[in-house]
Amino acid sequence: MSLKIALTKGRVEKKVIPLLEHAGINCVPLKNKKRKLIIQCNNGEFEFILAKGPDVTTYLNAGVADIGIVGSDILEEQQNEQYELLDLETGKCQFVLASTADFDVDSPERKIIGTKYPLITKRYFESLGQDVEIIKIEGSVELAPLIGLADAIVDITETGTTLKENNLKIFDYLNKISTHLVVNRMSLKQHSREIFNLTDQLEKAVLEEKSKGELSTDENL
Amino acid sequence: MHKINLPLGTRAEFGERAVKKQLLITKLQQYLQKRNFMKVNTPLLEYQEVFTNFDLKQMRTYQLLDKNNKTVVLRPDLTLPIARLLTTTNIKLPQKFYYVGDLFKIAKELSGRNNQMTQAGIELVGYSSLKAELECLLLINRISQKWLNGQVKLEISHAYFTDSILDSLTADTALKEKIKNELYRKRIPEYQRLIKRFEKTTSYVFLQKWPRLFGETSAIKKMLIGIKLPKEAAHFLNETLAIAKLATKLPNQKVIVDLSIAPPQPYYTGITFKGFVDEIPEYLFSGGRYDQLLESFQAQPEPAVGMGIDIDLLAEVITVKSTQREKKYLFFEPDQIKEVAEQLLQDISYELLLEDDLEKAKKKVRLENAALFKISERGEVENVIKNSSN
């Protein structure tokens, strides 16, 4: 029996591999995966499934993966129902409200907000007591206020560089984001020893990496 | 041509799957009938109020308005309608009930989940004895033995354990709710942040261990060595461990205890239990004691225990031995209808051939290697083709 781990491919994958190695997983097959999407590690003890972030939660909810490694932004937007056992403290970034310099967050009219995260945006403006119109955008969210599609955007930023380069200003900081380890509820019952072992090893790895200061490149805003 | 598809979250059942499900339901009903349970059927539609006292957020319902503009819902739960029934009729208690029926909950769109589910269950109303819980566990064990090779694991919990710990910790209701929520969802980073404020108290060791407090009884006892629980919590723990111990006496039964899980429904007031099989990502059985439920329908509180069985999931995973019998066809002419009726009275295993002429019928029967009989002119059954495997 191997533990099935749905790993968000791309940036999350790259940042998490050192932690997995630290936790005793031989990640060579994962690094040399080429175009393969299912990769066995440690002689089949772990099976990694590479997926897009939002699909990681779908796999977990359907019970086809035991563990998911995914950004907390997606967990929040998708209203995750599974167990969040660990903050891997990598892939750190933050939600921001941004727009062109002339935007006024306190102006009385009903604003149009462009975002990839409608639920998080809705909750944020509700907390301000404002009802806004939300336009779901799939990519290059920064464009929305520049081309007149929206008054402002709610998006993720790591360093703020893209926003700055597009002459956008940050008006407010929302939730902080990092990569989390999520576990299917039933899997935790069925494979508790294996899953807690991995979680404990990863927790140690996170602490050690932190003390080495290796995560300082992962700077917050 | 425009074809009309099914609404999202619904499915049609046919063929093998439908047969297996029906067979399961039939066997289960026969069993419960023999054990003198009373069958209850409640309507699919109920007034919304039947469910409003309980967390409807967890169960988004299909709603519609009746003629008087009152909201009716397609029932999202089968226990509450029975509680409603008991408060509006004079059914004598104590009584053991069983039901099989469909319930409706709206799942997230495009998530691959069904909105219509079939559930069977038993409700033992008017029984305060621990034996009521045991009757439920006996049924789970029997299903496990009969259809699941004894693979079902029982999980025993107590609906009040969490509150008894939190009440001894703080009077801050909002904080208690937050901790409970994060504990139940096992959002460990957030949970740890919340319990940090109790770092200097004697409860802290327990609080740290709490999210992992599930497993075999011996493991739980080991984790609790050196920890003094508040009096009430210790009482609920002992009750849970006692039931778990009894459950291990059932034939071929694995039992775990979970002290960190949310009760299956908000109306439970005592021992709760669930059953699952490894490698299947959902619970098959879930139930518990709900002594206050009838009171919430303005009736006398009545001790009760109930449990539900996920029939769709169970039908998917059980191995039912299908008795493959030899196929035999009967060909007849329309004016032989009387003889056909007489034959079927003697032997119901004939499949009637509806083909117009005998030649066509023979072709079909040969393709299937089946046997063919026909009604002769003298009105007798005559074997035309013998089964080729004979």
Side-chain angles (χ1 to χ4, degrees), chain A residues 1-4 6 54-68 72 75-90 92 118-119 175-200 202-203 206-207, chain B residues 57-60 107-114 151-157 181-193 208-209 211-216 219-220 223 254-262 264 274-286 310 313 316-317:
Chain A
M1 211 287 312
S2 60
L3 274 184
K4 292 192 177 66
D55 294 337
V56 168
T57 59
T58 307
Y59 293 171
L60 279 177
N61 287 338
V64 294
D66 302 304
I67 296 177
S72 54
L75 295 173
E76 207 182 323
E77 182 66 27
Q78 307 261 330
Q79 294 179 283
N80 171 47
E81 301 158 18
Q82 308 297 337
Y83 294 147
E84 272 177 66
L85 292 193
L86 189 61
D87 181 353
L88 294 171
E89 301 197 30
T90 171
K92 283 185 177 175
L119 188 73
N175 296 353
K176 287 188 174 159
I177 299 161
S178 59
T179 304
H180 282 211
L181 180 118
V182 198
V183 175
N184 172 277
R185 286 165 175 257
M186 282 309 299
S187 296
L188 190 64
K189 286 274 151 65
Q190 292 156 344
H191 314 294
S192 46
R193 198 170 39 87
E194 294 89 341
I195 291 173
F196 282 141
N197 270 345
L198 178 68
T199 318
D200 291 344
L202 278 170
E203 191 173 11
V206 171
L207 286 174
Chain B
K57 267 183 296 173
Q58 279 183 358
M59 27 193 205
R60 284 181 55 216
K108 203 171 143 195
E109 261 189 19
L110 300 174
S111 63
R113 285 185 218 173
N114 284 318
Q151 296 294 307
V152 174
K153 284 185 188 162
L154 276 174
E155 176 185 306
I156 317 277
S157 316
N181 192 24
E182 302 306 353
L183 171 77
Y184 286 164
R185 295 176 62 196
K186 291 207 192 341
R187 295 215 311 177
I188 305 304
E190 192 52 28
Y191 172 80
Q192 278 170 344
R193 198 185 59 77
Q208 280 179 305
K209 288 183 176 179
R212 292 193 182 190
L213 218 51
F214 62 88
E216 286 176 19
I220 300 275
M223 281 170 90
K254 286 209 174 77
V255 182
I256 63 169
V257 166
D258 192 338
L259 300 172
S260 64
I261 198 173
K274 289 180 169 189
F276 65 94
V277 173
D278 275 347
E279 309 309 324
I280 293 170
E282 301 286 342
Y283 287 102
L284 286 162
F285 309 91
S286 135
D310 184 334
L313 190 57
E316 219 170 278
V317 300

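In what follows, every chain begins at residue 1, and chains take the letters A, B, ... in the order their sequences are listed. Note that these values count all heavy atoms, side chains included, but never hydrogens, waters or copies made by symmetry.
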Quiz prompt | Heavy-atom closest pair, residues B:I188 and A:L85 | solution = CB-O, 3.3 Å

Quiz item: Which atom names give the shortest non-hydrogen contact between B:Y184 and A:Y83, and what distance separates them?
Solution: O-CE2, 3.4 Å

Practice problem: Specify which of B:E182, B:R212, B:R185 makes the most heavy-atom pairs with chain A at under 4.5 Å. | Solution: B:R212

Exercise. For each of B:R113, B:K153, B:E282, tally heavy-atom pairs with chain A at distances under 4.5 Å, and name the one with the top tally.
Key: B:R113

Quiz item: Among B:E190, B:Q192, B:E155, which residue forms the greatest number of heavy-atom pairs with chain A at distances under 4.5 Å?
Solution: B:E155

Exercise. May I ask you to name which of B:I261, B:V277, B:D278 has the most heavy-atom pairs under 4.5 Å with chain A?
Key: B:D278

Quiz item: Contact part of A:R185 toward chain B, heavy-atom cut-off under 4.5 Å: side chain, backbone, both or neither?
Solution: side chain

Exercise. Name the region of A:Q79, side chain, backbone, both or neither, that has any atom closer than 4.5 Å to a heavy atom of chain B.
Key: neither

Quiz item: Where on A:N80 is there a heavy atom nearer than 4.5 Å to chain B: the side chain, the backbone, both, or neither?
Solution: backbone

Exercise. Would you please test A:M186 and B:E279 for side-chain contact (heavy atoms from CB on, under 4.5 Å) and show each step?
Key: CA-CA 9 Å; A:M186 282 309 299; B:E279 309 309 324; over 6 Å; no

Quiz item: Among A:L188, A:L86, A:V64, which has the most heavy-atom pairs under 4.5 Å with chain B?
Solution: A:L188

Exercise. Identify the heavy atoms of A:G63 and B:P281 that sit nearest to each other, and give their distance.
Key: CA-CB, 3.6 Å

Quiz item: Atom CZ in B:R187, atom CG in A:D87: separation rounded to 0.5 Å?
Solution: 11.0 Å

Exercise. State whether the number of non-hydrogen atoms from other residues, nucleotides or ligands found under 6.0 Å of B:E216 atom CD is greater than 12.
Key: no

Practice problem: Answer yes or no: are there more than 12 heavy-atom neighbours, outside A:K4 itself, under 6.0 Å from its atom NZ? | Solution: no

Quiz item: Nearest heavy-atom pair of A:K189 and B:I256: which atoms, and what distance?
Solution: CD-CD1, 3.7 Å

